[in-house]
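One structure is given below, encoded as structure tokens.
Note that ligands are numbered from 1 as they come in the structure, with each ligand's atoms numbered from 1 the same way. Starting from 1, each residue takes its place in the sequence as its number. Quick caveat: nothing in here was measured; it's all calculated off a predicted structure.
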Amino acid sequence: MAQVGRGIPRLEARAKVSGRAEYIHNLRLPGMLYAKLLRSTVPHGRIKTIDTRAAAQMEGVVAVITGEDIRKIIPVPYYGPAFHDQPILALDKVRHVGEPVAAVLAADPHVADAAVQLIDAEYEELPAVYDEVEAKTSEAIVHEVLKPAGTFADLKHLAGKTGTNVALDYHLRRGDTEKAFAAADHVFEHTFRSQQALHLPFEPFVAVADPGDEMLTIHTSNQTPSFVRMEIARLLGWQENQVRVKVPLLGGGFGAKVYVKLEALVAALSLIVRRPVKVALTMEEQFYMITKHPATFRIKSGVSKDGKVLARACDVTWNGGAYADIGPRVCQKSGFTAPGPYDIDNVSIDSYELYTNRTPAGALRGFGIPQLVWAYECHTDVIARELKIDPVEFRRKNILREGRPQATGTNMKDAAIEQVLDAVAEQMNWSAPFDRGTGVIRRGRGIAIGFKASISPTTSVAIVNVSADGSASLNMATTDMGQGSDTIMAQIVAEVLSLDAEKVRVMHTDTDITPYDMGTLGSRSTFHMGHAVRLAAEDARAKLQAMAKEVGLPEGSNYPISEIFQKRYGMQAGNVIGSGTYVPTYQSPDKKTGMSENVTPFWMVGGAGAEVEVDTETGKVKVTKLVNVADCGTPINPKIATTQVSGGAIMALGFTLFEDMILDGGQVTNASLADYKIPGIHDIPPMHNELVDATQSNGPFGAKGLGESATFGVSPAVANAIDDAVGIRLTELPMTPEMVLRALRAKQGKPIEDDR
Ligand code: MCN
């Protein structure tokens with residue numbers, strides 16, 4: 001029976017609903033201490049003193065540790081995937097409110113918490129900058145010196161800069177935009193902004209470090225265990241094999257738990273006290289760890305009178321916060337898709353990653369793409385309306401089709417953009433008349449489409465171990481954070497070895513036994529690890545076939561695997577081990593022009609359609625229908641794949657209508673789930689979630705990534721629907737009732753006075 005394409009339940013479903021599934025928050029080790037953190041109260045300042053005496057004297061406190069204590073065992077205690085800019089605990093300076101400054105260790109977490117209150121830290125405050133555009137010219141410099149990490153092939157070009165807040169600038173030039181703007185019948189220019197928001201996995205960040213003899217084990221809720229091992233070994237000056245990283249299931253990650261988060265801290269603390277140490281953040285502390293980039297996007301298009309986009313200039317400024325994390329990659333990888341999935345001959349892109357004194361920003365489900373689609377799909381809709389061309393027709397006219405070059409020069413292949421657009425339009429019943437209402441409640445509808453390149457080049461390695469009874473287990477470092485990777489990888493092994501997927505055991509990451517993977521991020525696992533797993537299973541199958549031949553079984557016969565082992569070893573004994581490594585081909589963009597003939601192994605495509613009701617008296621927007629369509633090539637597990645679409649869309653709906661990290665003088669004023677609202681069950685509209693019938697020709701079994709695709713189009717689809725309903729164009733996220741009402745009143749010539 002075919003295993004790929006089966007909509008089987010998740011392999012771990014029973015363990016999850018019965019409470020037996022393994023999570024780090026439940027882990028307790030003998031002699032383990034809990035660490036609680038003192039966090040900076042100022043957004044930017046020089047550390048004058050940290051008085052830990054009172055805390056250290058409190059009964060039950062084992063140690064109080066500062067950055068200077070860490071420096072004694074790790075002389076250069078800075079980490080990061082792009083720049084080594086982040087200290088394990090603040091050193092010399094603090095750069096955002098909430099930055100960890102000191103840690104108290106105690107066997108009782110409540111004692112540690114109470115002792116934290118006794119630490120007295122004094123700072124000399126420095127001028128701070130919060131806005132990404134202001135940061136370009138601000139006198140306030142967040143980092144005096146920058147040291148590129150040099151870890152990843154695609155970030156090798158990062159330069160150490162001084163005297164500026166720019167972490168990375170990326171530029172692309174194609175054709176001649178200025179000439180094309182001059183020749184165009186119409187030129188449109190808009191600026192869109194998006195807010196700082198949070199991942200908020202329901203399992204907050206947590207890690208435990210357990211020191212051994214010249215050896216350290218880290219148990220962590222993390223999406224990139226192989227990187228964690230490398231980075232901790234680098235910090236300690238150890239060999240990789242002296243660090244063991246174990247990752248069980250995650251209660252969500254959404255990009256927050258990539259690279260090093262708490263791991264360097266627990267490692268350092270545990271090595272100082274020579275005992276296991278756990279750091280488990282509260283929900284509130286998540287506001288100070290990692291966020292979604294706020295962005296300002298200036299977009300300008302030259303359009304012919306019949307609606308062909310002739311030129312587009314994109315200027316995107318990303319607010320990376322206090323530490324770069326993976327922001328430079330967001331700036332570049334997402335930056336080059338800024339003109340949208342459109343066939344435009346003349347394009348210029350300038351994309352800037354800025355340091356500011358906010359909580360750092362990194363990867364959040366979509367890796368910058370939702371911020372871009374928000375801008376280019378609102379802009380596209382305004383143009384279509386101004387030119388009185390139907391928004392679907394306008395997009396069809398300009399869409400990037402198979403074989404045509406994207407802005408970078410890479411030819412489009414297997415990107416079902418038009419199919420996604422058509423499916424959204426069909427599900428929205430676009431060609432039928434639409435009742436916009438007449439009274440207080442007005443109705444409207446809108447659509448949007450977006451696309452994303454995959455991160456490249458990256459490596460995945462897998463091992464398939466076939467036992468003598470014919471069962472198989474899979475060793476890989478992909479983290480299942482809820483997206484269903486364990487299940488679909490088992491399906492791939494089962495497909496190749498003609499087993500039932502339910503019989504394949506997937507080992508959770510333990511870097512002592514699971515081989516390297518770049519990370520569970522950028523929706524890369526199904527494609528990259530999927531290939532590595534397929535290759536490992538094929539390798540095992542080839543070895544089994546060779547063994548069958550060796551014991552004299554006729555070629556092509558379908559003897560059960562267990563019988564081949566029986567014949568070979570005379571009993572139930574032995575193993576067959578297959579391994580597979582996958583690295584796609586890639587050409588890095590030219591430094592000057594930003595061009596590349598092979599910038600990504602596949603394109604992800606997602607589209608959304610929204611119907612809304614706008615209450616013109618209160619500004620409240622109710623989404624009454626949400627259509628989400630994505631192209632994932634072949635779905636390996638159509639049931640789980642569809643939940644990826646609904647989950648992504650609901651998350652995006654939160655960023656569209658509610659979620660916003662509010663800052664006042666650098667202080668986050670809504671750092672709790674009481675004040676920061678994510679969508680509840682009542683906010684979820686009737687939804688239609690669909691995967692188009694497509695194949696990724698270079699993908700494993702025709703598959704490619706999907707985990708982020710449904711986040712792309714929701715915000716602009718809702719904004720376009722609001723415009724359709726009441727004729728207002730919102731340019732900032734989230735679109736709260738207050739924003740809507742202000743815009744409505746401004747349109748009526750009765751603006752609400754600003755009392756903020
Ligand atoms: N899938 C499939 N067939 C395909 C593609 C995908 O069946 N052709 C299904 C599989 O169940 C697969 C899942 O979709 O496990 C996602 O696959 P893929 O797009 O390859 O993404 P990754 O496994 O690399 O997961 C990462 C991706 C990202 S980047 C974020 S962020 C994210 C996401 O997936 N975070 C999630 N989905 C999430 N889902 C949950 N529940 N929780 C998160 O934190």
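- Listed by chain and number, the residues in a ring pair (Phe, Tyr, Trp, His ring centres under 6.0 Å) with F287 are Y676 (sequence neighbours excluded).
- In this structure, the salt bridge (Lys or Arg N to Asp or Glu O under 4.0 Å) partners of D422, at least two apart in sequence or on a different chain, are R396.
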Going by atom type alone, with no hydrogens or angles, which donor-acceptor pairs under 3.5 Å involve a side-chain atom of residues 680-692 and a protein atom two or more places apart or on another chain?
unit_1, atom_1, unit_2, atom_2, d
D683, OD2, G680, N, 2.8
H688, NE2, E690, OE1, 2.7
N689, OD1, N628, ND2, 2.9
E690, OE1, Q427, NE2, 3.4

Report all N/O contacts between ligand 1 and the protein shorter than 3.5 Å as a table of atom names and distances to 0.1 Å; if there are none, say 'none'.
unit_1, atom_1, unit_2, atom_2, d
ligand 1, 3 (N), I636, N, 2.9
ligand 1, 7 (O), I636, N, 3.4
ligand 1, 7 (O), N637, N, 3.0
ligand 1, 7 (O), N637, O, 3.4
ligand 1, 8 (N), C632, O, 3.1
ligand 1, 8 (N), T634, O, 2.8
ligand 1, 8 (N), K704, O, 3.1
ligand 1, 11 (O), Q483, O, 2.9
ligand 1, 15 (O), Q483, O, 3.1
ligand 1, 15 (O), S485, N, 3.2
ligand 1, 17 (O), T526, OG1, 3.0
ligand 1, 19 (O), L706, N, 2.6
ligand 1, 19 (O), G707, N, 2.7
ligand 1, 20 (O), T526, N, 2.9
ligand 1, 20 (O), T526, OG1, 2.6
ligand 1, 23 (O), Q483, NE2, 3.0
ligand 1, 24 (O), R524, N, 3.4
ligand 1, 24 (O), S525, N, 3.1
ligand 1, 24 (O), S525, OG, 2.7
ligand 1, 25 (O), Q483, NE2, 3.3
ligand 1, 37 (N), R365, NH2, 3.3
ligand 1, 37 (N), Q644, OE1, 2.8
ligand 1, 39 (N), Q644, NE2, 3.1
ligand 1, 41 (N), G482, O, 3.3
ligand 1, 42 (N), M481, O, 3.3
ligand 1, 44 (O), G253, N, 2.7
ligand 1, 44 (O), F254, N, 2.8

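- Judged by distance alone, with hydrogens and angles left aside, the side-chain atoms of E263 form no donor-acceptor pair with the main-chain N or O of I232 at under 3.5 Å.
- Exactly one residue among F83, Y79, Y323, F227 makes a ring pair (Phe, Tyr, Trp, His ring centres under 6.0 Å) with Y259. That residue is F227.
- Note on K677 versus E659: no salt bridge recorded, every NZ/NE/NH1/NH2 to OD/OE distance being 4.0 Å or above.
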